[in-house]
2 protein chains.
Amino acid sequence: MIEPDIEQLCRRDSETAGHVRDILDRVGDKWSMLVISLLEHGPRRYGSLASDIPGISQRMLTVTLQRLERDGLVTRTSFPEIPPRVEYALSSLGETLKEPIGALARWAYQYKDEFAASRDRYDEARA
Amino acid sequence: MIEPDIEQLCRRDSETAGHVRDILDRVGDKWSMLVISLLEHGPRRYGSLASDIPGISQRMLTVTLQRLERDGLVTRTSFPEIPPRVEYALSSLGETLKEPIGALARWAYQYKDEFAASRDRYDEARA
DNA sequence: CCGCATCCAAGCCGATACTG
DNA sequence: CAGTATCGGCTTGGATGCGG
């Protein structure tokens, strides 16, 4: 595999960029990463996710799951029962995302104090 | 170091979350990752960055650099000359970000086709 | 040359009400 | 239970003009 140049991959205009910006947008949006982390341990129902994410609206849970399904990161299985039952699970593609996301999370955890200190210093200097 | 739980780290409300959400927001915004990638090879001047990022406005380059400086990822050095000269460089903290970001970029590059195919399938099924 | 200030457009997100 | 529809606010980002 050719080693990608991060610079090219981050551009929105570049033809060689592929869809890296789309991934960064998904990573950066408000709920996607939390939903993915909740699906790590196995399939979950819509209502189960909702009750485990305080503060999310029905609309945003629906929208987030639809986007993740469109991107191929999450699978949606609806059972034709009454009452209806729908299960969401990480796809095999979604599984592979766990590693780079985990790396980012570990980084953020490791340097969170340094990060916060820098912000405090910056805000202090301007107050 | 304690292994962080991604789930907790992604929540906005959790006390234990630290500032992982802040990092994801920065990673996800429109220009930050591109600016960081341009600073990988050494310090750059404001104008040099501007001319190398087609489509960015002066305002957004300034705002992006300020946010990165506040987060401690980028350092800003201004030389008291006329005309003024300002150089931006990756801080040591910013250097450490290259690895997890690179992992994400490699992931996106590796699976970009699968990703695009999934979107096409999804959109097709609804058209 | 390097930015800040202002105004404005677009998109993300939340609240609420309603449906199979 | 698992959504859809609509509205409205808030934040992000773009265009332009001015200042050190």
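The sequence lines fix the lettering, A, B, ..., with proteins before strands; numbering per chain opens at 1. Every heavy atom of this structure was used, including side-chain atoms; hydrogens, water molecules and symmetry mates were not. All values derive from a computational prediction rather than experimental measurement.
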Atom of B/Ala89, atom of B/Leu39 and distance for their closest heavy-atom approach: C-CD1, 4.3 Å
Starting the side chain at C-beta, find the nucleotide from [options] nearest to [X].
X: B/Tyr46; options: C/dG3, D/dG3, D/dG14; value: C/dG3
X: B/Arg59; options: C/dC13, D/dA15, C/dG3; value: D/dA15
X: B/Val86; options: D/dC1, D/dG3, C/dG3; value: C/dG3

Determine the contact category for [X]: base if any of its heavy atoms lies under 4.0 Å from a base atom, sugar-phosphate if only primed atoms, P, OP1 or OP2 are that close, otherwise nothing.
X: B/Glu87; value: nothing
X: A/Gln66; value: sugar-phosphate
X: A/Thr62; value: base
X: A/Tyr88; value: sugar-phosphate

Just the rounded figure in Å: distance from [atom2] of [N] to [atom1] of [X].
X: B/Ile53; N: D/dG13; atom1: CD1; atom2: C1'; value: 14 Å
X: B/Ile82; N: D/dG20; atom1: CD1; atom2: C1'; value: 9 Å
X: A/Arg126; N: C/dG3; atom1: CZ; atom2: P; value: 12 Å
X: B/Gln58; N: D/dC18; atom1: CD; atom2: P; value: 14 Å
X: B/Met60; N: C/dC8; atom1: CE; atom2: P; value: 19 Å
X: B/Leu61; N: D/dG13; atom1: CG; atom2: C1'; value: 13 Å
X: B/Glu81; N: C/dG3; atom1: CD; atom2: P; value: 13 Å
X: A/Leu49; N: D/dG3; atom1: CG; atom2: C1'; value: 14 Å

Does atom CD of A/Glu95 have more than 12 heavy-atom neighbours, drawn from other residues, nucleotides or ligands, at distances under 6.0 Å? yes
Do other residues, nucleotides or ligands put more than 12 heavy atoms under 6.0 Å from the CD atom of A/Glu81?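 Check passes, neighbour count above 12.
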Nearest nucleotide by nearest heavy atom, which residue falls closer to the 5' end of DNA chain C, A/Pro84 or A/Gly28?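 Nearest-nucleotide comparison on DNA chain C picks A/Gly28.
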Return whichever of A/Asp29 or B/Arg85 has its heavy-atom-nearest nucleotide of DNA chain C closer to the 5' end.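 Between the two, 5'-proximity favours B/Arg85.
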Salt-bridge present (A/Arg70, B/Asp123; N to O < 4.0 Å):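 Here A/Arg70 pairs with B/Asp123 in a salt bridge, since their nearest N and O are under 4.0 Å apart.
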Would B/Arg21 and B/Asp25 pass as an ion pair if we require N to O under 4.0 Å?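 Salt bridge between B/Arg21 and B/Asp25, a charged N being under 4.0 Å from a carboxylate O: yes.
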Hey, does the side chain of [X] come within less than 4.0 Å of [N]'s phosphate (OP1/OP2), counting only N and O?
X: B/Arg45; N: C/dC2; value: yes
X: B/Arg76; N: C/dG3; value: yes
X: A/Lys30; N: C/dG14; value: yes
X: A/Arg67; N: C/dC13; value: yes

Can you tell me how far apart CG (A/Leu90) and OG (A/Ser37) are? Round to the nearest 0.5 Å.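 Taking CG in A/Leu90 and OG in A/Ser37, the distance rounds to 9.5 Å.
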